[in-house]
Each structure stands twice: as structure tokens, then as C-alpha cells.
Amino acid sequence: MGNWIGVLIIVAMFAVVGVMGYFRLAPTDAESWHVDPTDLSLSDGKGAALVRADGALSSPVFDETPEALLARVDAVALETPRTRRIAGSVDAGRITYMTRSLIFGFPDFTTVTTIPSGAGAELVAYGRLRFGSSDMGVNKERLEGWLTQLGD
């Protein structure tokens, strides 16, 4: 009986490593995640968060040009642990990032752009998960953190 328990533990360990490997190594089609966050068909929900007038979070008006604000957003995003740019650029006016969770490496995608607002600019962002149906609020927290850093 004891041998079977050991075999089951080893099989379970290989299964966990296999699942973790899948999440970390699954190919990402960057262009399919590089969506326009101003698209009104996008919505908040399980595993997704919007920084937009109709989203869970709204952006303050920053006293700078949309291009300058996007450059600052890019710097803040790239300072976020386990985050890298996968599509777009400041010059293109829209950027998509992938941020992986610490332990399992689940990828989340965040697309950002900026829009003129009066004499300044606002951030528009869409964060969402790739796998599963709930991110336990991680995307919303990340966007709140970025907004806080931009306001400092």
C-alpha cells in the first residue's frame, strides 16, 4: 500500500510540473491580444478590468500630452515584476504587455492607450487573463497600482 502512495505522489508531481510547463510555454499570438481598449464591446468581468469612463476604474486627467503619458505608462509597466511588452509601442500609440503570475506563470495581458482630455490626457487600459475564468482581482489591482504610480 505504501508503494502505491509513493507512486501517486510522483505522478501528481509530474502532473503539476506538466501543467506549469504548459502555462509557461504555450505560444502567445501577440496580435490577438493587442486589442483597442477604447472598443466599447470590451467589458469588465471575471478576469478583466477596464480603466475607462465606463470601466471599473477611471483615469484622472493628467497634465501632459497623450504621448508623454503613454511613455510614462510604458516605464511603469516595464518596472512591474514579470512584465514585458509583447506588441505595440509608444510611437504606435498602443502597447500590450504580458505579466506572469509568480508561482504558476499564468499570463495576463494588459493593453494601454491614451486619449486627449481637455488640455491633458487620460489612460485607457484593458487587463485580462488568458486561462481560467477568474483572476481574483489581480488585473484590477495591477491597473490601480499603475494609476497610483502615475499620479505620484
Does Leu102 share a hydrophobic cluster with Phe106, counting links as ILVMFWY side-chain heavy atoms below 4.5 Å and allowing steps through other members? yes
Please report the interatomic distance CG(Asp108) to CZ(Arg130), rounded to the nearest 0.5 Å. 11.5 Å
Where the side chain of Thr80 meets the backbone of Val76, is there a donor-acceptor pair that is under 3.5 Å apart? yes
What is the minimum heavy-atom distance between Arg100 and Gly105, and which atoms define it? NH1-O, 2.6 Å
Taking all non-hydrogen atoms of both residues, which atom of Ala87 and which atom of Glu31 are closest, and how far apart? CB-OE2, 4.1 Å
Is it the case that the side chain of Asp135 and the backbone of Leu129 share a donor-acceptor pair, with hydrogens and angles ignored and the cut-off at 3.5 Å? no
Is a side-chain donor-acceptor pair under 3.5 Å present for Asp91 with Ser89? no
Side-chain donor/acceptor of Thr113 to backbone N/O of Arg94, under 3.5 Å: no
Between Arg82 and Ser101, is there a side-chain donor-acceptor contact under 3.5 Å, judged purely by atom types and distance? no
My understanding is that only one of Glu141, Met136, Arg142 makes a side-chain contact (heavy atoms from CB on, under 4.5 Å) with Asn139; could you say which? Arg142
Distance (rounded to the nearest 0.5 Å) between Asp39 CG and Thr111 OG1: 11.0 Å
Using modelled atom types and a 3.5 Å cut-off, is there a donor and acceptor pairing between side-chain atoms of Arg128 and backbone atoms of Ala48? no
At what distance, to the nearest 0.5 angstrom, does CZ of Arg72 lie from CG of Leu150? 5.0 Å
Side-chain H-bond candidate by donor/acceptor type, Tyr97 with Asp74, under 3.5 Å: yes
Okay, side chain of Ser59, backbone of Leu123: is any donor-acceptor separation there less than 3.5 Å? yes
Smallest heavy-atom separation, Asp44 atom then Ala56 atom, equals OD2-N, 2.6 Å
If I take atom CG from residue Leu78 and atom CZ from residue Arg85, how far apart are they, to the nearest 0.5 angstrom? 5.0 Å
Do you know which two heavy atoms are closest between Leu147 and Pro60, and how far apart they sit? CD2-CD, 4.1 Å
So, does Arg52 use its side chain to make a donor-acceptor pair with the main chain of Ser43 at under 3.5 Å? no
Quick one: do Val90 and Trp146 end up in the same hydrophobic cluster if we chain Ile, Leu, Val, Met, Phe, Trp and Tyr together by side-chain heavy atoms under 4.5 Å apart? yes
Same cluster or not: are Val73 and Phe109 linked, directly or through other Ile, Leu, Val, Met, Phe, Trp or Tyr residues, by side-chain heavy atoms under 4.5 angstrom apart? no
If you count heavy atoms of other groups shown closer than 6.0 angstrom to CG of Asp63, is the number above 12? no
Quick one, Asp54 with Leu40, criterion side chain to side chain contact (heavy atoms under 4.5 Å, CB included). Give me CA distance, side-chain angles, the key distance, then yes/no. CA-CA 9 Å; Asp54 63 338; Leu40 295 177; 4.3 Å; yes
Of the non-hydrogen atoms in Leu42 and Asp36, which two are nearest, and what is the gap between them? CD1-O, 3.3 Å
What is the distance from atom CG of Leu70 to atom OG1 of Thr65, rounded to the nearest 0.5 Å? 9.5 Å
Under a 4.5 Å side-chain heavy-atom rule over Ile, Leu, Val, Met, Phe, Trp and Tyr, are Tyr126 and Val124 clustered together? no
Roughly how far, to the nearest 0.5 Å, is CE of Met98 from CH2 of Trp33? 10.5 Å
How far apart are the closest heavy atoms of Ala30 and Ile86, and which atoms are they? CB-O, 3.4 Å
